[in-house]
Novice: 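Okay, handing you the structure first.
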Amino acid sequence: LALFSIKSTSSAGIISASVATGKAARDIYSIPEMNVVFVDNLPDLKADFSSVTINNYAAAKELAGVLLDKGHREICVIAGPKNESSSLERLEGFLSAASERGITIGDDYIRSGDFCIESGAAIMKSFFEAGISPTAVFAANNFMAYGATHVILSAGLRVPEDIEIATFDVIDYTGLVQNKFISVMQPAFDIGRISAQICIDESDKDTVKNFSRIVMKHKLEL
């Protein structure tokens, strides 16, 4: 997303919510005289950079704690891509919550998807085919949770009565999943607003790439 300065037609900055790792992040960051703010996934850059995110580790740890404190022990984890910061932090948060409670989650209960509905469905199906019958699923994002839910319901099971699902950013426009998931909600509007303001503010200064690292509060919806 490129923002344009009110004072001119030049761009005030770029807000990047892409898979901002490796060459892609370096290419975006290295655009001359351009403010860049990364949201969601943080890039693997040696240089400093601006970002607006939640604390994915803390949010995932809190979310996992809800499942564990409700007595769930057979929990399948549908993690996100292994090269994205938000995915890694959410998995680490989950594992930390389990470890603090003296609970071990076997490697066969953890599989990585790509944040898309299809991968959530494929992974949930692979759990069932492996003979794994969880009482709960921890999904790294809402789309993979939706895919997993489709497979669970197709198997004749109920959500949350038979399998409880915890995930991030459940937005239900259909009414089909309302009150079915435990969800961490990110303040998406404020993340966008603050990111834009950083770009605009910095565009009015003589120098660019003045770094702001903003961590927003998340909300847990039970």
Side-chain angles (χ1 to χ4, degrees), residues 1-65 79-97 112 114-116 138-144 166-171 183-221:
L1 173 63
L3 298 172
F4 292 91
S5 173
I6 296 174
K7 295 183 178 180
S8 70
T9 58
S10 63
S11 178
I14 294 174
I15 299 172
S16 174
S18 62
V19 183
T21 58
K23 185 178 184 300
R26 290 192 294 272
D27 289 347
I28 294 171
Y29 183 83
S30 63
I31 297 174
E33 300 302 309
M34 180 64 66
N35 294 297
V36 180
V37 179
F38 292 97
V39 299
D40 196 15
N41 293 302
L42 301 183
D44 182 16
L45 291 174
K46 293 182 179 180
D48 206 349
F49 55 87
S50 293
S51 64
V52 183
T53 65
I54 64 168
N55 185 327
N56 281 288
Y57 173 86
K61 187 174 180 179
E62 183 180 2
L63 184 63
K82 296 180 180 180
N83 64 338
E84 298 192 23
S85 66
S86 61
S87 172
L88 294 174
E89 290 165 5
R90 291 173 187 181
L91 178 57
E92 289 170 359
F94 173 88
L95 293 174
S96 178
S112 295
D114 61 6
F115 281 153
C116 295
F138 179 96
N141 85 331
N142 54 344
F143 292 110
M144 294 193 298
T167 188
F168 285 70
D169 299 315
V170 172
I171 301 174
S183 178
V184 164
M185 300 300 294
Q186 300 186 74
F189 178 86
D190 286 335
I191 288 174
R193 176 182 59 82
I194 292 172
S195 298
Q197 195 62 56
I198 291 172
C199 286
I200 293 169
D201 289 347
E202 295 302 331
S203 71
D204 292 333
K205 297 180 180 178
D206 294 332
T207 59
V208 296
K209 300 194 188 309
N210 294 284
F211 310 113
S212 299
R213 303 296 290 271
I214 308 297
V215 179
M216 306 292 290
K217 291 183 178 180
H218 63 273
K219 179 181 178 182
L220 186 63
E221 293 190 354

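The first residue of the sequence shown is numbered 1, and numbering continues consecutively from there.
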Novice: Look at the rings of F94 and F138 and say which category their plane angle falls in: under 30° parallel, 30 to 60° tilted, over 60° perpendicular.
Specialist: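 It falls in the tilted class, 30° to 60°.
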Novice: Calculate, to the nearest 0.5 Å, the distance between atoms OG and CG belonging to S50 and L42 respectively.
Specialist: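 If I round to the nearest 0.5 Å, the distance is 11.0 Å.
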Novice: Please examine the side chains of D190 and M216, heavy atoms only from C-beta on, and report whether any two atoms are closer than 4.5 Å.
Specialist: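 Answer yes - side chains close enough.
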Novice: Which atom names give the shortest non-hydrogen contact between M144 and A139, and what distance separates them?
Specialist: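 Result for this residue pair: C-CB, 4.5 Å.
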Novice: Would you mind writing out the side-chain donor-acceptor pairs for residues 54-63 within the sub-3.5 Å range, not counting sequence neighbours?
Specialist:
unit_1	atom_1	unit_2	atom_2	d
N55	OD1	Y57	N	3.2
N55	OD1	A58	N	2.9
N56	OD1	R90	NE	2.7
N56	OD1	R90	NH2	2.9
Y57	OH	S96	OG	2.9
K61	NZ	E100	OE2	2.5
E62	OE1	H218	NE2	2.7

Novice: Before giving the answer on side chain to side chain contact (heavy atoms under 4.5 Å, CB included), spell out for C199 and I15 the whole-Å C-alpha distance, their side-chain angles and the decisive distance to 0.1 Å.
Specialist: CA-CA 8 Å; C199 286; I15 299 172; 4.3 Å; yes
Novice: Drop me the distance from L88's CG to N83's CG, to the nearest 0.5 angstrom.
Specialist: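 Reported to 0.5 Å precision, the distance equals 8.0 Å.
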Novice: To the nearest 0.5 angstrom, please state how far the CD1 atom of I14 sits from the OG atom of S195.
Specialist: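 These two atoms lie 13.0 Å from each other.
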Novice: D40: what forms a side-chain hydrogen bond (donor to acceptor under 3.5 Å, both in side chains) with it, not counting sequence neighbours?
Specialist: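 Not a single residue meets the side-chain hydrogen bond (donor to acceptor under 3.5 Å, both in side chains) criterion with D40.
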Novice: Write down the atom of G65, the atom of A97, and the distance for their closest heavy-atom approach.
Specialist: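 The pair with the smallest heavy-atom distance is N-CB, 4.1 Å.
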Novice: Hey, are the side chains of E84 and F115 touching, using non-hydrogen atoms and a 4.5 Å cut-off?
Specialist: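 In short, these two side chains touch, coming nearer than 4.5 Å.
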Novice: Which value, rounded to the nearest 0.5 Å, describes the distance between E221 atom CD and M185 atom CE?
Specialist: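 The CE atom of M185 is 5.0 Å from CD of E221, to the nearest 0.5 Å.
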Novice: Taking atom CG of N141 and atom OG of S86, what is their separation to the nearest 0.5 Å?
Specialist: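 Between N141 CG and S86 OG, I get 8.5 Å after rounding to 0.5 Å.
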Novice: Are V52 and I198 close enough that some pair of their side-chain heavy atoms sits under 4.5 Å apart?
Specialist: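 Touching, per the 4.5 Å side-chain cut-off.
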Novice: Hey, could you give me the CZ/SG distance between F143 and C116, rounded to the nearest 0.5 Å?
Specialist: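 Result: 8.5 Å between the selected atoms.
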Novice: If we only count heavy atoms from C-beta on, is the T53 to I214 side-chain gap below 4.5 Å?
Specialist: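 They are not in contact (no side-chain heavy atoms under 4.5 Å apart), so the answer is no.
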